[in-house]
Participant: 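Starting off with a structure, shown below.
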Number of protein chains: 2
Amino acid sequence: MAHSSPEHWDQVATVPEVVVTRLPQYVRVLKELAAQGVQVANSQQLGEHLQVTPAQIRKDLSYFGRFGKQGRGYHIGTLLEELQHILGLNEQWNVAVVGVGRLGKAILSYPGFTPDGFHIVAALDNNPELIGQEVEGVAVRPMEDLPGVVQQHNIQIAVVAVPSRFTQTVIDNLVECGVRAILNYAPISPQVPTGVNVRNIDPVLSLQSMTYFLANGG
Amino acid sequence: MAHSSPEHWDQVATVPEVVVTRLPQYVRVLKELAAQGVQVANSQQLGEHLQVTPAQIRKDLSYFGRFGKQGRGYHIGTLLEELQHILGLNEQWNVAVVGVGRLGKAILSYPGFTPDGFHIVAALDNNPELIGQEVEGVAVRPMEDLPGVVQQHNIQIAVVAVPSRFTQTVIDNLVECGVRAILNYAPISPQVPTGVNVRNIDPVLSLQSMTYFLANGG
DNA sequence: TAGATTGTTAATCGATTAACAATC
DNA sequence: TAGATTGTTAATCGATTAACAATC
């Protein structure tokens, strides 16, 4: 079976971002089903696992191709392969961690990134006491080495774990060096030019919206 | 100025959840402006800081009351107070961390929760080597103590940092004990009954949606 | 008062869901 | 072939934005 090609996608209606954010969840559930030995599932069954409507699954998938068979459903293995390919999850992505404080160290030692093809290959910090040290097998380099590090290791993704007041500057530097995907752990929403993606990990915001429901009897 | 009362809200159209999730961001920006000595701002100016349209700010706020003055704008201090009150951020919230592994320890030592009124007052784990130890001044208790701990410390919020395969069971226990707000760090979407709020912190999903744009030239 | 900006209603936009012809 | 389920179009729903009368 042929993979849907980028050339094909160009001719197709732009995919809404919200659809893209659901695809990784589809991948997760498909992996789980595959691990359980399930071979085929229809949109109804997938919807139950994902807590979404069958129509939404079919619509979401239709942005990328025709992966199902009428009367049968979807072959799990094939669909999983297709979605991983679409998301670029069959590729290896080199990641730099910027900021090797308490949080940065926790991220460097977090085992959850590696199985999904994200390889932390560089760490940067401005603290002279940290520079040169190895953390989880990665040598800490000074911030001024950023351009070289990005080029040398082909860094495509940065994880930023520096104090809020430095975050915007660090991200400006990263963008300048050609990094176009940034996972930010500081409690701010950094500004970036079009074409650069930022995702914020902000547990305090999550807590603060939940207290609304606690305080108002949700 | 009177606070909008919960009795009033009951009569009013239900607030969309997406609006509630924006309020904490409004609070953050208002705090920043207040710290800079700004006294008054109109929806245009607030919108620039928040990267949203002035119309959206006015609409969002209108779900909760009339906080502005025509011809002038919003008094920062007053609006901040109002929003904090609406979100329950003037209250103290007691938090339990469940799972004191590497991630749980990092959360216990993360200083970002405390300034916002979230107090981690309990930690639970099933590892006999951890039980009885103190981590960041909090004694680790066995999971079987959960009901007592929740009651004793008036726990309203739980942060769950246990391995994925235990997460659903742990969350079931928490719900059973009356906890209605859960911040989950495991890479799954747990099922909870209506009236219980879960927020998932899932950096891998964020990375996996960014690779889509990297792989497809976004 | 005149000018500015809110609060709110109506228009628009976009995403989700329903329905069904196409087809495996 | 008959039955089932997709892929897609049309209908619905909800959220965002525009516009403006109310009013500070």
Side-chain angles (χ1 to χ4, degrees), chain A residues 1-2 4 8-9 11-23 25-26 30 33 38-80 82-83 86 209 212, chain B residues 1-2 4 8-9 11-23 25-26 30 33 38-80 82-83 86 209 212:
Chain A
M1 169 170 296
S4 315
H8 173 65
W9 300 339
Q11 299 161 341
V12 157
T14 309
V15 182
E17 179 145 344
V18 65
V19 173
V20 175
T21 65
R22 279 194 292 263
L23 295 189
Q25 314 197 56
Y26 293 3
L30 291 169
L33 291 172
V38 180
Q39 306 256 351
V40 174
N42 59 33
S43 59
Q44 171 73 37
Q45 297 165 319
L46 292 176
E48 281 161 21
H49 283 274
L50 285 154
Q51 299 285 113
V52 300
T53 62
Q56 181 159 82
I57 291 178
R58 297 203 302 275
K59 187 84 164 82
D60 283 356
L61 296 179
S62 75
Y63 284 103
F64 304 97
R66 283 160 306 237
F67 307 120
K69 289 223 194 313
Q70 282 94 330
R72 301 206 151 273
Y74 299 88
H75 185 275
I76 302 284
T78 309
L79 182 57
L80 178 55
E82 289 282 356
L83 292 185
I86 289 163
S209 63
Y212 171 79
Chain B
M1 168 171 295
S4 315
H8 173 64
W9 300 339
Q11 298 161 342
V12 156
T14 308
V15 182
E17 179 145 345
V18 65
V19 172
V20 175
T21 65
R22 279 193 293 263
L23 295 188
Q25 313 197 57
Y26 292 3
L30 290 169
L33 291 172
V38 180
Q39 305 257 349
V40 174
N42 60 34
S43 59
Q44 171 74 37
Q45 297 165 318
L46 292 177
E48 280 161 20
H49 284 274
L50 285 153
Q51 299 285 111
V52 301
T53 62
Q56 181 159 82
I57 290 178
R58 297 203 301 277
K59 186 86 163 84
D60 283 356
L61 296 179
S62 75
Y63 284 105
F64 304 98
R66 284 160 305 236
F67 306 120
K69 290 221 195 316
Q70 281 95 331
R72 300 207 152 271
Y74 299 87
H75 184 275
I76 303 284
T78 309
L79 183 55
L80 179 54
E82 289 282 356
L83 292 186
I86 289 162
S209 63
Y212 171 80

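Quick caveat: nothing in here was measured; it's all calculated off a predicted structure. Letters A, B, ... are given to chains in the order of the sequence lines, protein chains preceding strands, and every chain is numbered from 1.
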Participant: Restricting to non-hydrogen atoms, name the atom on B:T21 and the atom on B:Q25 that form the minimum distance, rounded to 0.1 Å.
Facilitator: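 Scanning both residues completely, I find the closest heavy atoms to be O-NE2, 3.8 Å.
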Participant: What residues form a salt bridge (Lys or Arg N to Asp or Glu O under 4.0 Å) with B:R22, not counting sequence neighbours?
Facilitator: B:D60
Participant: Round to a whole Å and report the spacing from CG of B:N42 to P of C:dG3.
Facilitator: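 Spelled out: CG on B:N42 to P on C:dG3 is 18 Å.
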Participant: So, for B:T14 and B:Y63, which heavy atoms are closest and what is the spacing to 0.1 Å?
Facilitator: O-CE2, 4.2 Å
Participant: What one-letter contact string describes nucleotides 10-19 of chain C from 5' to 3', where B marks a base within less than 4.0 Å of any protein heavy atom, S marks contact via sugar-phosphate atoms alone, and - marks no contact?
Facilitator: -----SSBBB
Participant: When the distance from CG of B:L61 to C1' of C:dT5 is rounded to whole Å, what number comes out?
Facilitator: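 Going from B:L61 (CG) to C:dT5 (C1'), I get 13 Å.
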Participant: I'd like a list of close polar pairs between nucleotides 21-24 of chain C and the protein, N/O only, cut-off under 3.5 Å.
Facilitator:
| unit_1 | atom_1 | unit_2 | atom_2 | d |
| --- | --- | --- | --- | --- |
| C:dC24 | O2 | A:Q70 | O | 3.0 |

Participant: Going from CG on B:L83 to OH on B:Y74, what distance comes out if it is rounded to the nearest 0.5 angstrom?
Facilitator: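 Interatomic distance, B:L83 CG to B:Y74 OH, rounded to 0.5 Å: 10.0 Å.
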Participant: When rounded to the nearest 0.5 angstrom, what distance separates CG in A:L61 from CD in A:E82?
Facilitator: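 Atom-to-atom, A:L61:CG and A:E82:CD are 10.0 Å apart.
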Participant: Please step through side chain to side chain contact (heavy atoms under 4.5 Å, CB included) for the pair B:N42 and B:R72, ending with a clear verdict.
Facilitator: CA-CA 7 Å; B:N42 60 34; B:R72 300 207 152 271; over 6 Å; no
Participant: Taking atom CG of B:L79 and atom CD1 of B:I57, what is their separation to the nearest 0.5 Å?
Facilitator: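 It comes to 9.5 Å.
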Participant: Yes or no on side chain to side chain contact (heavy atoms under 4.5 Å, CB included) for B:L30 and B:L46, after CA distance, side-chain angles and deciding distance?
Facilitator: CA-CA 8 Å; B:L30 290 169; B:L46 292 177; 4.0 Å; yes
Participant: How does DNA chain D look in dot-bracket notation if pairs are Watson-Crick or G-U with both distances under 3.5 Å, crossing ones as [ ], other-strand ones as |?
Facilitator: ..||||||||||||||||||||||
Participant: Can you check the A:Q44 CD to D:dG7 P distance for me, whole Å?
Facilitator: 15 Å
Participant: So, using side-chain hydrogen bond (donor to acceptor under 3.5 Å, both in side chains) as the criterion, who are the partners of B:Q44 when residues are at least two apart?
Facilitator: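 side-chain hydrogen bond (donor to acceptor under 3.5 Å, both in side chains) list for B:Q44, sorted by chain: B:E48.
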Participant: Which residues pass the side-chain hydrogen bond (donor to acceptor under 3.5 Å, both in side chains) test with A:H75, not counting sequence neighbours?
Facilitator: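 By the side-chain hydrogen bond (donor to acceptor under 3.5 Å, both in side chains) rule, A:H75 matches A:T78.
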Participant: Tell me: CG of A:L46 to C1' of D:dT6, nearest whole Å?
Facilitator: 12 Å
